[in-house]
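The structure appears right after this line, and notes come after that.
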Amino acid sequence: MSWSNVRLILAREIRDQLRDRRTLFMIVVLPILLYPLLGMTFFQVAQFMKEQPTRVLVVGARHLAEEPPLVVNERFAPELFDEPDKADLLELVFEPSEPLGPRAVRVDPLERAHEAVTSREYDAALYIPPDFAERLEEFREASLAAASGEPSEGKKTKTAPAALPAVPKPEIIFTTANERSQITFVRLQKVLRRWSEEVGKRNLAAAGVAPETARPFDLGTADLASQTGNRGTAIWSKILPVMLLLWALTGAFYPAVDLCAGEKERGTLETLLSSPAERSEIVLGKLVTVMLFSVVTVILNLASIGLTGWLIMAKLPGLGAPPWTSIIWLLLALLPVSALFSALCLALAAFAKSTKEGQYYLMPLLLVTMPLAIFPLAPGVTLTLGNSLIPVTNVVLLLRSTLEGNYQEALRYVLPVVGVTLVGCLLAIRWAVDQFNKESVLFRESERLDLGLWLRHLLRDRQPTPTVAAAAFCGVLILVVKFFVGLAMPEPTDFVGLAKAAIATQLVVIATPALLMTIFFTNRPSRTLLLDRRSWRAELPLAVAAAAVLAVVLHPVAMAISVAIVDLYPVTKEVEASFKNLMGQTPDFWQLLLIAAVLPALCEELAFRGFILSGFRHVGRKWRAIVLSAVFFGFAHGILQQSISACLMGVVLGFLAVQTGSLIPCIVYHATHNALALTAAQITPGLLNESPFLNFIVRRGPDGAFACYKLPLVVLAVVLALMILTWFGRLRYEKTEEERLQEAIQRGIEAEDEPLGL
Amino acid sequence: MIVVDQLTKHYADLRRGRLVALDGISFRARQGEIYGLLGPNGAGKTTALRVLSTVLKPTSGRATVNGYDVLTQSSQVRHQIGFMSANTAVYDRMTAWEMVEYFGRLHGIQDERLRERMETLFARLQMNDIRDLLGAKMSTGMKQKVSIARSIIHDPPVVIFDEATAGLDVLVARALLNTVAELRDQGKCIIFSTHIMREVEKLCDRAAIIHRGKVLAEGPLDALREAHGEQDLEELFFQLILDHDRADEVAP
């Protein structure tokens, strides 16, 4: 990699973009104009919403009592409002109380009130039932009598209080289908509550009880927002991360399309490819350009939002200017996010044949990214281990935590979030470089879409082992089917249920797709599954034995790792309880071994080390293939905490598969590993107390049960495992054509200017 | 010096399974000669030259440029060659000067030398009046000049011209042929692909006639004429292709 070439390409691409008017408009002009305009509009709309008076039809106003007054001068009494001038916001229209003439049709007042609202003539209606004032008076007298008469009779009041006459309810008629009507309802409800309280107070006063008796204390509140951030913090911490993502994506997309698809379209790509610049240098130069534009777009947009917020939004009640510390966090998050998006856009744009085709990819990209960005806005979604593993979503959540000042939570999940984002970045960059290395992508002809032809091509031109795409498809297929089968299957409650679920998952979800794809998409199934004659080498028996020993030796290490993972990211109580419950119900340990050790060892190895790893080997780099297959293997496990350790185990298994070229050592390792884990779960505190040996090597958890092995043993295990792994590493393994090519290229690079040729 | 040995190139093709673009072609081109690749459209000339310029990877066989392998030492190969084809366009938003300078720098030429070299090239190719003209505003002839300057800015020992005269008017085409001849006189190894017989007759020392991914005949022009008993190169070309197609029809 020559950095001067990367710099050259970067400088050229930046100049190229700056000479393009469209890019400049999207990146500089739009944000500067957009937010002040949006802010102004929003400001005015909000003013309009707040100050708009609403119309209320009052039916039966004559049934109201004189005291306390509800209506004064055709408005609600000002003392019923916190701010007396708010009374003008409710425009009252009084329904004529009596029919105008003897021949006028008598309309039921309640019906009239309903009709006023359904016809949208009024925003709401207030219905006062007939005799309301008289009945209220009756109630008052009755309650007064009860209050003055009964204390002398003592016990009687406590057992059976005298029934007071019921007062008919005034009704607010409104509709939730209309927003103005809802607002009116809220306003009316406030006024009427206040009024009803007033009535109650007067009744108490009449009975000689202090009105304060009904409400002995007020609620005090203390909003510490000024100390923890201003009032708008909660809102800004939701808006800003989404804005960041949206603009990072948009800012990356247009330059990416111009830089890749545009270059193809204008015919300059081949000029560049035949220059001394390496593909990786070209991609890196372009990537940094795209990233730069993405970052600048975000910064300009955020600055414009901040300024607008500071000038306009801060004037709105309930929304202050964004806190200044947010700048630091946003900038920190910006780099990885824009790197991720830039690489994604670049890879997509490299695939496109023309800029027009490139533009088409924006929508699918947005459709995938936006739900991920908006999902964290749903109430109650917070950082958890699960959420922190979802790309994009995790960044939004982490940003929100830091913007809200919740640093402790943020710190706990910063590792998985950064890890997932970095891995995402690297994968996306890798994808972009791969796109630039693919002739079929660079010199893509427009082909008529013909599904039948394509399927026939897949079947006819199949290779001895699957392609990388087929392997990835198989992995994704397994994950998707597993997800839906998991939704459809009831939660197992007993051992039979567990056994059924395990058999269904292993046979139907994992083994069947892999085997079917092996048969249909490869012409050497036994070689794909690492079970052909070539895998039966002289070292095989020794390798199988070594694999079994390795599983035993790594058992304490695996236990220590899973304990560490659960320490960091605790399993929910329900999961733990249901797991313990199921384990406790096992009728026979051998049956458990069969279902949870032997069956997964067979099925999962066929799928993940057989079909999927064989396909990924065509990537050209052994370790990349191993890690890819391990990631799929990890995600195929239900509980996230389990996925992490499964992923690590997948790396060991993949290594065994590559080095021995056979699936047998993997199956043996996998079965042994699972069997040991199941055995360890059978060790009860009672058993520990009885056996001095177990007690010597085992470390107990807080509940006195077996947690993991003692540290010296774990260290010893690591040393032994490394020795065995070194032995495996020394085995000569069969390289794929792509791996041999990569090595030849590596030799070519190392030979530098020495010609290797004829 | 270019050595092409049993080079094959297959493409995946949905309809036919695979498309054989190159079917084991071999030839050698030496320093100080112009080697012609002659063939009808779709014969595989561009594919062969794309493999030589390392833009495409061969399916099998070998090709080396000055001893560097195109597959495993692609970066060194690209330093050895100047490549120009109908598909290597000029950047729209760069001036002639910027474009040539950019590729000169990618070749790692130092500032001082690059400036000198550019001045000489711009003078020799009469490009000084388009120095500051953006690619988007250039005529086809101007673009062709920029492309030539771009491809030889690093003074490469091997120059590959693929259908370089396509779409040019007589004047510009003639100027280009003169430049090619000059480059040969400087001792460079030049591969010149075309489907125009006159250009081959005028320029090339040796040639290979390619059809359907195979070399039908190869050697010095005089030897070719003698071996096939045909003085007119165009007739010879027709005859070879016709014979090959007939043979294909008889034994597919």
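No hydrogens, no waters, no symmetry mates; every other heavy atom, side chains included, goes into these values. To find a chain, count down the sequence lines: A is the first, B the second, and so on, and within it residues start at 1.
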- Item | Side chains of B/Phe103 and A/Leu8 in contact at under 4.5 Å (non-hydrogen atoms) | no
- What are the two closest heavy atoms between A/Ala277 and B/Arg78, and how far apart are they? O-NH2, 3.4 Å
- Nearest non-hydrogen partners of B/Thr54 and A/Arg279, listed with the distance: O-NH2, 3.3 Å
- Message: Need one label for A/Glu263: side chain, backbone, both or neither, based on atoms under 4.5 Å from any heavy atom in chain B.
- Response: side chain
- Message: Could you measure the distance from the CZ atom of A/Arg12 to the CZ atom of B/Arg105? Nearest 0.5 Å is fine.
- Response: 14.5 Å
- Item | Nearest heavy-atom neighbours spanning B/Lys57 and A/Leu741 | CD-CD2, 4.5 Å
- Message: At a 4.5 Å cut-off on heavy atoms, which part of A/Leu272 comes close to chain B: side chain, backbone, both, or neither?
- Response: both
- Pairwise side-chain contact, A/Thr271 with B/Met99, heavy-atom cut-off 4.5 Å (strictly under): yes
- What are the residues of residues 45-53 of chain B, in order of number, with any heavy atom under 4.5 angstrom from a heavy atom of chain A? B/Arg50, B/Ser53
- CZ (B/Arg131) with more than 12 external heavy atoms under 6.0 Å: yes
- Query: Does OH in A/Tyr733 sit with more than 12 non-hydrogen atoms of other residues, nucleotides or ligands closer than 6.0 Å?
  - Reply: yes
- Residue-level contacts of residues 83-96 of chain B with chain A, using a heavy-atom cutoff under 4.5 Å: B/Phe83, B/Ser85, B/Asn87, B/Thr88, B/Ala89, B/Val90, B/Tyr91, B/Asp92, B/Arg93, B/Met94, B/Thr95
- Query: At their closest point, which heavy atom of B/Ser75 faces which heavy atom of A/Pro276, and how far apart are they?
  - Reply: OG-O, 4.2 Å
- Between atom OG of A/Ser274 and atom CZ of B/Arg150, what is the distance when rounded to the nearest 0.5 Å? 5.0 Å
- Any ion pair linking A/Arg19 and B/Glu98 (charged N to carboxylate O, less than 4.0 Å)? yes
- Residue A/Ser275 versus chain B: region with a heavy atom under 4.5 Å: both
- Check whether B/Leu134 gets within reach of chain A through its side chain, its backbone, both or neither, counting any heavy atom under 4.5 Å. side chain
